[in-house]
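Note sheet for the following structure.
First the proteins, then the strands, lettered A, B, ... as listed; each starts at 1. Please read these numbers as outputs of a predicted model, since none were measured by experiment.
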Amino acid sequence: MNRPPRVRFAPSPTGRLHIGGARTALFNWAFARRHGGAFVLRIEDTDFERSTREFERAILDGLAWLGIRWDEGPDVGGPHAPYRQSERLARHVELAGNLRSKGLAYACFCSSERLEALREQQARDKSRQAYDRTCALLSSEQVQARHAAGEKSVLRFKVPSGSTTIQDRVRGEVHFEHADVDDWVMLRSDGLPTYNFVVVCDDIDMRITHVIRGEEHLINTPKQVLLYTALGGTPPEFAHLPLMLGTDGKKLSKRTGDTSLEDYQSQGYPPAAVANFLCLQGWALDGSREIFTLEQLVANFALEDVSKGGAIFDLDKFRWLAGEYVRQETVPELAKHCAPHVIAAGLASASELEQRHAWFEQVVACERERIHTYAELPGRIAWLFCTDQDLAFDAKALEAARKHAQAPQTLREYATWLTATLASSPSKDELRTAMKAWVAARGLKLPALFQPLRLAITGQAGGLDLVDAMELLGHEQSLARIELGARRLAG
RNA sequence: GGUCCCAUCGUCUAGCCCGGCCUAGGACACCAGGUUUUCAUCCUGGCGACAGGGGUUCAAAUCCCCUUGGGAUCACCA
């Protein structure tokens, strides 16, 4: 590679950013950075029906959220503007006209009914699925006459005889016989160009050197290589990434799970964890280090190291990885990231959290090793925000507490003892030690107090240290819950 | 069905290109144990794979062929 590479990510703004698309973008970006090249963002908005500016904005935001920056794009401009395909229409039509006048493309008047019948016939014959070139045989006079008569036509690319071999950077050599390649449609009957056509026009005009995309495009590649040559361009290098698969082993779709980046964003996955995990689907740093930064990705990324086989989206591992990132954060950072989810869950308002900022950070510090994503926090700490009467008792926690026949009595006596002990303002460690001594002095095992107490305070079966829990809740309210818990257990 | 791609533990993968260091390494999940007031974190250990068959070679997870299995794609959608 003698010149700095230019790569592009070309999403279609007809929906949210697909998680597989996000990975494609990430690998393109990493490749560009690795080799000091440019990463171009181009919006493929030629589907006027479904494309919206809102989706475009969301896609850009999603990429930025992941930590990807682009050198050229619709928002930042660049030397090959415009970066929205719809704004390049005139150029596409011009190039299509050139090919037609050179005899490299031809008008086709076949009706969709005839085409469909042809396809059915070919399916029955178990033969090649392609246009039969009926209209390629029309003389220029015939074509002109039919145009003049007002007949609708599409423009088809005339695939020459021969074969094409591409050197795919992840797959190696891939060979196609032109006899198997269809005379595909370049211009629709309404005069608008198709994807296979514009993508090549724009890649040539934008001087794209490496096309890195999903494997579903591999089969389109010979069509595009042929078009490069026809347009007088040099084909770029290609790299076809393995597909991201659902648990059913098929291309990841909404059927088998959440597919958009925003789904994971709203579920509170740290962005660095998402980027890291996406890398792991099809690429490995060295086979032993699972957790790494984007800088390490850039420093080590090579297309040749990308896996060829599809990767089933491993949600368990993703969640584990998110937890690793959560625990890497400092408490103030984590509190800041969790706060929106606590607010969204309706536990507290933004101003309430702001007022109790130091307290909230303590809460986060106590729960940080139990959550994997930011959004898991509210469910774990709801007991701190509800009224004593509304505290729900978890079935397992209740069962555990009920195993101790004397639980109500133990709780009441403990409350009395606690009230007296608190008077001397013990430290948390002193209180912990004293509590255990108190239980032992009564000839009880520790769970005889701790299980009913945990139920009374938090309503949950497991969780944070109980001395921490009571302090976070406040001793006065804790005593009230102990009394209430004793009554509920006795009843 | 045509064309194309792929094939290492249940999952993500290292090793393959440049055969021997592989009685195949790591991670997630799972199981067992330790720590803990419980849960979680953390620590220790365990389970667990080269799809099958032929070659080539002194030697094959690694190279070649076949079979089988899986996937992608076959639009006037991108």
* To do: Looking at every strand, decide which applies to Glu116(A) at a 4.0 Å heavy-atom threshold: base, sugar-phosphate, or nothing.
  => nothing
* Structure fact -> Answer for the Watson-Crick or wobble partner of A72(B), both distances under 3.5 Å, is U3(B)
* Answer whether the closest heavy-atom distance between the side chains of Phe318(A) and Val274(A) falls below 4.5 Å. => yes
* **Phosphate OP1/OP2 of C4(B): any Thr221(A) side-chain N/O under 4.0 Å** => no
* Structure fact -> Letter by letter from the 5' end, nucleotides 12-30 of chain B scores (B base, S sugar-phosphate only, - none; protein heavy atoms under 4.0 Å) BSS----------BBBS--
Which atom pairs, one a donor and one an acceptor, fall under 3.5 Å between side chains of residues 248-257 of chain A and the rest of the protein, sequence neighbours left out?
from      : atom 1 : to        : atom 2 : distance (Å)
Asp248(A) : OD1    : Lys250(A) : N      : 3.0
Ser253(A) : OG     : Arg255(A) : N      : 3.4
Thr256(A) : OG1    : Ser253(A) : O      : 3.3

* Could you check whether Gly249(A) gets within reach of a base, just the sugar-phosphate, or nothing at all, counting any heavy atom under 4.0 Å? => sugar-phosphate
* Can you tell me if the side-chain N/O atoms of Lys251(A) get under 4.0 Å from OP1 or OP2 in U73(B)? -> yes
* On the 0 to 90° scale, with breaks at 30° and 60°, tag the Phe27(A)-Phe301(A) ring pair as parallel, tilted or perpendicular. => tilted
* **Carboxylate-amine/guanidinium contact Arg370(A) Glu367(A), below 4.0 Å** => yes
* Check every strand shown and say whether Ser189(A) touches a base, only sugar-phosphate, or nothing at a heavy-atom separation below 4.0 Å. => base
Please tabulate, one pair per line, all N/O donor-acceptor pairs under 3.5 Å involving side-chain atoms of residues 193-201 of chain A, not counting sequence neighbours.
from      : atom 1 : to        : atom 2 : distance (Å)
Thr194(A) : OG1    : Val185(A) : O      : 2.8
Thr194(A) : OG1    : Met186(A) : O      : 3.4

* May I ask you to establish whether Arg488(A) and Phe393(A) are in a cation-pi arrangement, using a distance under 6.0 Å from NZ or CZ to the six-membered ring centre and at most 45° from the ring axis? => yes
* Taking only heavy atoms on the protein side, list every residue of residues 445-453 of chain A lying under 4.0 Å from any atom of RNA chain B, sorted numerically. => Leu446(A), Phe450(A)
* To do: Taking salt bridge (Lys or Arg N to Asp or Glu O under 4.0 Å) as the test, write out the residues that go with Arg432(A), two or more places apart.
  => Asp429(A), Asp465(A), Asp468(A)
* Scan residues 178-187 of chain A against RNA chain B and write down, sorted by residue number, each residue with any heavy atom closer than 4.0 Å; if none is found, say none. => Asp180(A), Val185(A)
* Flag this pair as yes if the NZ/CZ of Arg156(A) is under 6.0 angstrom from the six-membered ring centre of Tyr131(A) and inside a 45 degree cone about the axis; otherwise no. => yes
* Residue-phosphate contact under 4.0 Å: Arg368(A) side-chain N/O, U41(B) OP1/OP2 -> no
